[in-house]
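First the structure, in the form of structure tokens, and then the observations on it.
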Amino acid sequence: MSLVWKAARSAGLQGSFRVPGDKSISHRAIMFGALAEGITRVSGFLEGEDTRATAQIFSQLGVRIETPDAQSRVIHGVGLHGLHASASPLDCGNAGTGMRLLSGLLCAQAFDSVLTGDASLSQRPMARVIGKLQALGGQISAREGNYAPLHIHGGQHLRPVEIDTGVASAQVKSALLLAAMYAEGESVITEPRPTRDYTEAMLKSLDWPIDYSPGRVRIRGGGRLQAGDIRIPGDISSAAFFITAALLIPDSDITLENIGINPRRTGILQALRLMGGRIEVFNEREQGGEPVADLHIVHSALKAIELPESLVPDMIDECPIFFVAAALAEGTTHARGLGELRIKESDRIASMVAGLRAMGVAVEETPESVTITGGALHGASIDSHDDHRIAMSFAVAAQCASGQTLIHDCENVATSFPGFVDLARSAGMILE
Ligand code: S3P
């Protein structure tokens, strides 16, 4: 039986709360903790299916990982050359980050590995990592069309490269960085637009020789990783559903605590502010090398904008909820440069356009743009396309719609935001 959510109009969100830990940082904390020498203690770990799949994979590769309590992990690092072959395939579940980063790491190992994923992940393009990793000498074969399962042929001698990722993707960049750690000599990796730099930041904090600035990384191969504690802040991608809901629902006033505000992730705050959203960032501090803050959000009348294309990589996972904001703003919003959305957990342009139309919104799409005219929303039956962020976006849209909304196939919300329904209800959303 598929999980169906029932949602209706909310009278306002109130309260002060936290959201689960950052997904991108949680994946990387497991990976680099495993490769470090010594014990790494991780707090704020995202207990989602995606990040647990990554932890399970490292257990299969011979790394002891303890769970002293929820949201904590103690990783007994085995060093750069201490991983062991797994007798069975490594299942990344729904996680593109898991599969793409592991491709880079595993092609540098002495042994062979097989990476598998769920139905959605098995339809997502892997050519972008397979082709680039070949430049370092990595050998990966895939199902026809370059889809998972991926067979990774270890035992290769990797060489350093100077390479451009060709696409604004932190996953591709990170796969290359993980492989470059094993290449003899210095690699330089550039990208067409700067993307999230958590891999670079974590390597630096664990004492790896690396230099980076937005869009360019220089990394030396053949070092050692020093174990160190990792504190993971709240995920701004999860916070975005509450930020947008509070702006849209009259009489809302909320505070979100301990949210990561890395500049490569805060495009959504800039976009919503351009629309007239009142979002106050306060109590700014640094936590484990990452900027963190509390956010205060109050209901605001939003107006349509021309979304600056340069913001898109910095809000790539927040585009669906941004479309909901546009659907309730005054006027017509245009957003372009959105091609990457078509190859996420679902085709997020198609999923959002279909759902918004069902709710009565005037929306047009091209291969890489959308045009949305704000207006009144009515309840509808929505297909989430098994995509966590589509399900949560429509849960928010339904809070501002007349009548009842049903959202189908919401199981995958557990990949990134366990406890979403309980938290949403306690804040004042009408959702069950
Ligand atoms: C991520 C990078 C982004 C993002 C994903 C997480 C990461 O993907 O959409 O949710 O942790 O590196 P792309 O690299 O495909 O843009």
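Note that ligands are numbered from 1 as they come in the structure, with each ligand's atoms numbered from 1 the same way.
Between H81 and Y182, the ring planes are perpendicular. Angles over 60° get that label, and only those under 30° would be called parallel.
Residue S169 has at least one nitrogen or oxygen atom sitting less than 3.5 Å from a nitrogen or oxygen atom of ligand 1, judged on distance alone. Residue E340 places no N or O, backbone or side chain, under 3.5 Å from any N or O of ligand 1. Close N/O approach between A170 and ligand 1 is found [any backbone or side-chain N/O within under 3.5 Å]. Taking only nitrogen or oxygen atoms, main chain and side chain alike, R389 does not reach within less than 3.5 Å of ligand 1.
Paired with S346 under the rule side chain to side chain donor-acceptor pair (under 3.5 Å), one option of D387, N412, D386 passes, and it is D387. The residue from E306, E368, E309 that alone fulfils the salt bridge (Lys or Arg N to Asp or Glu O under 4.0 Å) condition with R336 is E306.
Closest to atom 12 (O) of ligand 1 among all protein heavy atoms lies R28 NH2, 2.7 Å. For atom 6 (C) of ligand 1, the closest heavy atom belonging to the protein is T97 OG1, 3.3 Å. Remark: minimum distance from atom 10 (O) of ligand 1 to any protein heavy atom is reached at D317 OD2, 2.7 Å. Of the protein's heavy atoms, K344 NZ, 3.2 Å lies nearest to atom 8 (O) of ligand 1.
Nearest heavy atoms, P418 versus L46: CD-CD1, 3.9 Å.
If you number the atoms of ligand 1 from 1 as listed, the ones under 4.0 Å from a heavy atom of I316 come out as 9 (O).
Under 4.0 Å is where a charged nitrogen must lie from a carboxylate oxygen, and between R357 and E364 at least one such pair does. Salt-bridge annotation for D22 and R265: present, with a side-chain N of the basic residue lying under 4.0 Å from a carboxylate O of the acidic one.
Side-chain contact of S2 with E411: a donor-acceptor pair under 3.5 Å is absent, judged by distance alone.
Neither the backbone nor the side chain of H27 comes within 4.0 Å of ligand 1, counting heavy atoms alone.
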